[in-house]
Engineer: 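Here it is, the structure in full.
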Amino acid sequence: MALAEGRLVKVSEALRMGDGERVVVRGWVYRFRDLGEKVFLVLRDSTGIIQVVVGGESAERARAADVEASVVVEGVVRSDPRAPGGKEISATSVTVVGPSKGFPIARDLSREFLLDVRHLWVRSRRMQAVLKIRHTVFGALHEYFRGRGYYEVQAPMFITAAVEGGATLFPTRYVDGSTVYLTQSSQFYLEALIFSLEKVYTVAPSFRAEKSRTRRHLTEFWHCEAEEAWATLDDIMRVEEELVWHVIDRVLESNQEELKLLGRDPRPLEACKPPFYRLTYDEALELLERKGFKVHWGDDLGADEERALVEEFDKPVFVHRYPVKAKAFYHKSDPKRPEVTLSADLLAPEGYGEIIGGGERIDSLDELLQKLRDFGLQPKDYEWYIDLRRYGSVPHSGFGLGIDRLVMWIAGLDHIVDAVAFPRTLRRVYP
Ligand code: NSS
């Protein structure tokens with residue numbers, strides 16, 4: 001860029017500098033006010049916003065800088081209690097790098113419109129805050145597992161049989177003309193990999209052809225899955241609560257500013273220290289019945305039931321031991337009570353509901369074959385998965401955490417699409 005005398009700094013640094021320091025900042029015009037003699041720009045970069053006052057000859061140039069134009073500003077830092085952040089830059093020169101005539105986001109801020117122009121809306125301070133929190137969340141997930149002896153692994157996205165039931169499979173035509181599917185979960189591959197690495201995890205997309213429009217379903221979501229040899233249901237629930245707390249703790253440490261910008265009260269998050277609450281499915285049903293819900297024993301809990309349940313708690317709640325027919329076929333039955341499974345969902349408080357599903361897997365060949373038959377599934381579709389029970393099978397458990405849902409809850413958002421830069425839903429694959 002143009003030769004400048006001041007030091008090139010980020011906005012956040014400029015806000016911390018002393019009066020009289022000469023700086024150069026680069027960014028985008030966040031707000032613009034023309035007061036005739038002077039032009040007030042609010043400049044935005046990835047670190048924050050700062051007011052820039054432009055007078056004299058430069059004011060003419062600044063006038064050409066519309067909202068979201070990219071600019072390089074040179075000037076002197078001054079204190080001004082009226083400016084956001086308490087500092088402003090008194091500009092000596094303004095260079096417009098990329099103009100921005102008629103930036104489309106002005107009046108219409110409806111959710112649909114903002115989704116149509118998501119490629120531009122990602123610049124908003126709200127999205128910026130969410131994306132920074134998301135960054136912390138992903139980093140913390142890796143940090144947790146890597147710090148505890150789990151190996152990171154990768155599973156394929158093209159698969160040939162359902163993990164979570166046929167209804168939400170995404171068929172796609174493969175190169176050879178056959179039908180394959182986009183993965184719903186990396187679980188089965190993680191199960192294969194525990195025989196090599198014992199403790200494994202992955203962070204990857206999962207795909208579900210979700211036909212209903214809800215606030216918490218995407219057709220493509222980010223899935224953090226872990227699987228552990230020798231682990232029981234209790235063991236894996238402990239991993240889950242520690243993991244969730246680790247992530248929250250990191251966000252509280254790194255993203256106070258972003259939580260504030262989003263209007264997210266951090267106190268309910270601060271309360272989420274393990275242990276979380278544990279309720280059996282039967283206890284959950286009793287509680288729901290007292291609250292006027294009628295759930296048929298054997299049915300899975302819906303969003304409304306989950307919301308009603310978590311209202312009663314100030315921390316996440318595990319609901320464990322779901323009935324056999326409420327959960328996917330791979331869940332192991334409780335030897336003490338075969339009509340329920342050694343499964344657990346983790347429900348987030350404040351109305352958010354399910355963020356994790358997991359439990360202990362069937363490790364016996366006979367039980368797996370029987371269960372496939374009971375569920376009307378073809379053993380030939382699951383041959384390699386069945387093999388895992390033929391060669392050195394071990395008890396094992398695992399879980400899958402929906403990262404977008406976790407971000408939605410932590411950031412206090414009311415719709416999952418706002419937790420993702422470019423969401424994919426029933427009706428949206430653009431931009
Ligand atoms: O269907 S799950 O409950 N469980 C599984 O997929 C297991 N195979 C995971 C495992 O044990 N390795 O999905 C897990 C989580 C669920 O709790 C949600 O948080 C999230 O994945 N999930 C979704 N998030 C966003 N959109 C959609 N459609 C979605 N489906 C599941």
Side-chain angles (χ1 to χ4, degrees), residues 12 15 47-49 84-86 111 124-144 147 214-216 221-222 224 237-279 283-284 287-288 290-291 301 303-320 344-357 399 401-420:
S12 58
L15 288 168
T47 67
I49 56 171
R111 164 164 286 134
S124 64
R125 301 206 78 210
R126 263 191 88 78
M127 279 308 295
Q128 218 181 24
V130 171
L131 294 172
K132 286 182 183 179
I133 291 170
R134 204 176 153 96
H135 165 82
T136 304
V137 168
F138 275 73
L141 292 168
H142 287 288
E143 185 183 55
Y144 176 87
T214 76
R215 289 170 176 276
R216 57 181 201 167
F221 67 98
W222 277 81
C224 174
M237 287 198 285
R238 274 196 295 274
V239 174
E240 292 171 34
E241 62 193 355
E242 265 192 32
L243 171 69
V244 168
W245 170 246
H246 179 78
V247 172
I248 290 176
D249 198 28
R250 280 286 179 269
V251 171
L252 290 171
E253 197 176 275
S254 315
N255 298 107
Q256 286 297 335
E257 228 177 277
E258 286 74 27
L259 293 173
K260 194 163 165 228
L261 192 141
L262 294 168
R264 180 25 157 159
D265 180 357
R267 284 170 301 186
L269 297 173
E270 286 159 9
C272 291
K273 294 198 179 70
F276 296 164
Y277 298 104
R278 285 162 168 72
L279 282 185
E283 287 164 343
L287 206 160
L288 283 168
R290 286 204 295 277
K291 299 192 68 161
L301 305 179
D304 292 342
E305 286 87 19
E306 287 180 9
R307 201 169 307 118
L309 255 183
V310 299
E311 261 174 23
E312 305 297 308
F313 301 93
D314 56 356
K315 286 201 258 192
V317 191
F318 285 108
V319 176
H320 61 95
D345 282 357
L346 182 65
L347 314 185
E350 303 176 83
Y352 284 93
E354 184 191 335
I355 53 169
I356 298 184
F399 64 89
L401 176 156
I403 308 176
D404 316 277
R405 285 195 188 172
L406 180 63
V407 171
M408 178 186 173
W409 164 43
I410 291 179
L413 308 175
D414 57 18
H415 202 298
I416 195 166
V417 294
D418 294 330
V420 193

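Sequence positions, counted from 1, serve as the residue numbers for this chain. These numbers come from a predicted model, not from an experiment.
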Engineer: Using a strict cut-off of less than 4.0 Å between a Lys/Arg side-chain nitrogen and an Asp/Glu carboxylate oxygen, indicate whether Arg278 and Glu283 qualify as a salt bridge.
Structural biologist: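 So Arg278 does not pair with Glu283 through a salt bridge.
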
Engineer: Got a sec: does the NE2 of His246 have more than 12 other heavy atoms crowding it under 6.0 Å?
Structural biologist: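 Yes - once you tally the heavy atoms of other residues, nucleotides and ligands closer than 6.0 Å, there are more than 12.
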
Engineer: Quick check against the 3.5 Å criterion: does Arg215 have a side-chain atom that pairs as donor or acceptor with the backbone of Tyr352?
Structural biologist: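 No: the side chain of Arg215 does not pair with the backbone of Tyr352.
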
Engineer: Kindly say whether Glu354 contributes a backbone atom to a donor-acceptor pair with the side chain of Glu306 at under 3.5 angstrom?
Structural biologist: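 Looks like yes, one N/O pair under 3.5 Å.
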
Engineer: Donor-acceptor pair, distance only, cut-off 3.5 Å: does the side chain of Arg134 make one with the backbone of Ala419?
Structural biologist: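 Confirmed, Arg134 side chain pairs with Ala419 backbone.
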
Engineer: How far apart are the C-alpha atoms of Val317 and Leu309, what are their side-chain angles, what is the distance that settles it, and do they pass the side-chain contact (heavy atoms from CB on, under 4.5 Å) test?
Structural biologist: CA-CA 9 Å; Val317 191; Leu309 255 183; over 6 Å; no

Engineer: Is the shortest side-chain heavy-atom distance between Ile49 and Leu15 below 4.5 Å?
Structural biologist: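 Counting from C-beta outward, Ile49 and Leu15 never come under 4.5 Å.
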
Engineer: Check whether Glu241 reaches the backbone of Pro275 with its side chain - one donor and one acceptor, N or O, closer than 3.5 Å.
Structural biologist: no

Engineer: Nearest 0.5 angstrom please: Ser254 OG to His135 NE2, how far?
Structural biologist: 8.0 Å

Engineer: Could you tell me whether a side-chain N or O of Arg405 sits under 3.5 Å from a main-chain N or O of Arg216, the two making a donor and an acceptor?
Structural biologist: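 Yes, the answer is positive, given that a donor and an acceptor are paired below the 3.5 Å cut-off.
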
Engineer: In sequence, state the C-alpha distance, the side-chain angles, and the governing distance for Asp414 and Arg111, and then conclude on salt bridge (Lys or Arg N to Asp or Glu O under 4.0 Å).
Structural biologist: CA-CA 12 Å; Asp414 57 18; Arg111 164 164 286 134; 3.4 Å; yes

Engineer: Are Leu269 and Asp249 packed together at the side-chain level, in the sense that at least one heavy-atom pair is separated by less than 4.5 angstrom?
Structural biologist: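 Answer no - side chains too far apart.
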
Engineer: I need the minimum non-hydrogen distance between Trp409 and Pro316, along with the two atoms involved.
Structural biologist: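 So the two residues come closest at CH2-CG, 3.8 Å.
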
Engineer: If the condition is salt bridge (charged side-chain N to carboxylate O under 4.0 Å, His left out), which residues does Glu257 pass it with, not counting sequence neighbours?
Structural biologist: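 For Glu257 there are no salt bridge (charged side-chain N to carboxylate O under 4.0 Å, His left out) partners, ignoring immediate neighbours.
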
Engineer: Can you tell me how far OG1 of Thr47 sits from CD of Gln128, rounded to the nearest 0.5 angstrom?
Structural biologist: 8.5 Å

Engineer: Quick one: pull up CG in Leu413 and CG in Leu262 and give me the separation to the nearest 0.5 Å.
Structural biologist: 6.5 Å

Engineer: Is there a side-chain contact between Val319 and Leu347, using heavy atoms and a 4.5 Å cut-off?
Structural biologist: yes

Engineer: Run Lys291 and Glu312 through salt bridge (Lys or Arg N to Asp or Glu O under 4.0 Å) and show every step you take.
Structural biologist: CA-CA 10 Å; Lys291 299 192 68 161; Glu312 305 297 308; 2.5 Å; yes

Engineer: Compare all side-chain heavy atoms of Ile356 with those of Leu406 and state whether any distance is below 4.5 angstrom.
Structural biologist: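 SC-SC contact between Ile356 and Leu406 ruled out.
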
Engineer: Take Val247 and Tyr144 through the test side-chain contact (heavy atoms from CB on, under 4.5 Å) and record every step on the way to the result.
Structural biologist: CA-CA 8 Å; Val247 172; Tyr144 176 87; over 6 Å; no

Engineer: Start with the C-alpha gap between Leu346 and Phe276, add the side-chain angles, then the distance that decides, and say whether side-chain contact (heavy atoms from CB on, under 4.5 Å) holds.
Structural biologist: CA-CA 9 Å; Leu346 182 65; Phe276 296 164; 3.8 Å; yes

Engineer: Name the orientation class of the two ring planes belonging to Phe138 and Trp222 (parallel below 30°, tilted from 30 to 60°, perpendicular beyond 60°).
Structural biologist: perpendicular

Engineer: Could you report the tightest heavy-atom contact between Val310 and Gly351, atom names first, then the distance?
Structural biologist: CG2-N, 3.6 Å

Engineer: Tell me whether Lys315 contacts the main-chain N or O of Lys273 through its side chain, where contact means a donor paired with an acceptor under 3.5 Å.
Structural biologist: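 It does hold such a pair.
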
Engineer: Would you indicate whether the side-chain heavy atoms of Phe221 and Val420 approach each other to under 4.5 Å?
Structural biologist: no

Engineer: With rounding to the nearest 0.5 Å, note down the distance linking SG in Cys224 to NE2 in His142.
Structural biologist: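 Answer rounded to 0.5 Å: 7.5 Å.
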
Engineer: Any idea which heavy atoms bring Leu288 and Ala308 closest together, and the distance?
Structural biologist: CD2-CB, 4.0 Å

Engineer: For Ala271 versus Asp314, what's the shortest heavy-atom pair and its separation?
Structural biologist: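 The pair with the smallest heavy-atom distance is CB-O, 4.1 Å.
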
Engineer: Kindly determine whether Thr136 and Ile410 satisfy side-chain contact (heavy atoms from CB on, under 4.5 Å), including the steps that lead there.
Structural biologist: CA-CA 11 Å; Thr136 304; Ile410 291 179; over 6 Å; no

Engineer: Is the shortest side-chain N to carboxylate O distance from Glu253 to Arg250 below 4.0 Å?
Structural biologist: yes

Engineer: Less than 4.5 Å apart, any side-chain heavy atom of Phe318 and any of Glu240?
Structural biologist: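 Answer yes - side chains close enough.
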
Engineer: Ignoring hydrogens, what is the shortest heavy-atom contact between Met237 and Ala344? Give both atom names and the distance.
Structural biologist: SD-CB, 3.7 Å

Engineer: Heavy atoms, side chains only, cut-off 4.5 Å: are Pro268 and Pro349 in contact?
Structural biologist: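 They are not in contact (no side-chain heavy atoms under 4.5 Å apart), so the answer is no.
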
Engineer: Are side-chain heavy atoms of Pro266 and Leu252 found at a separation under 4.5 Å?
Structural biologist: yes

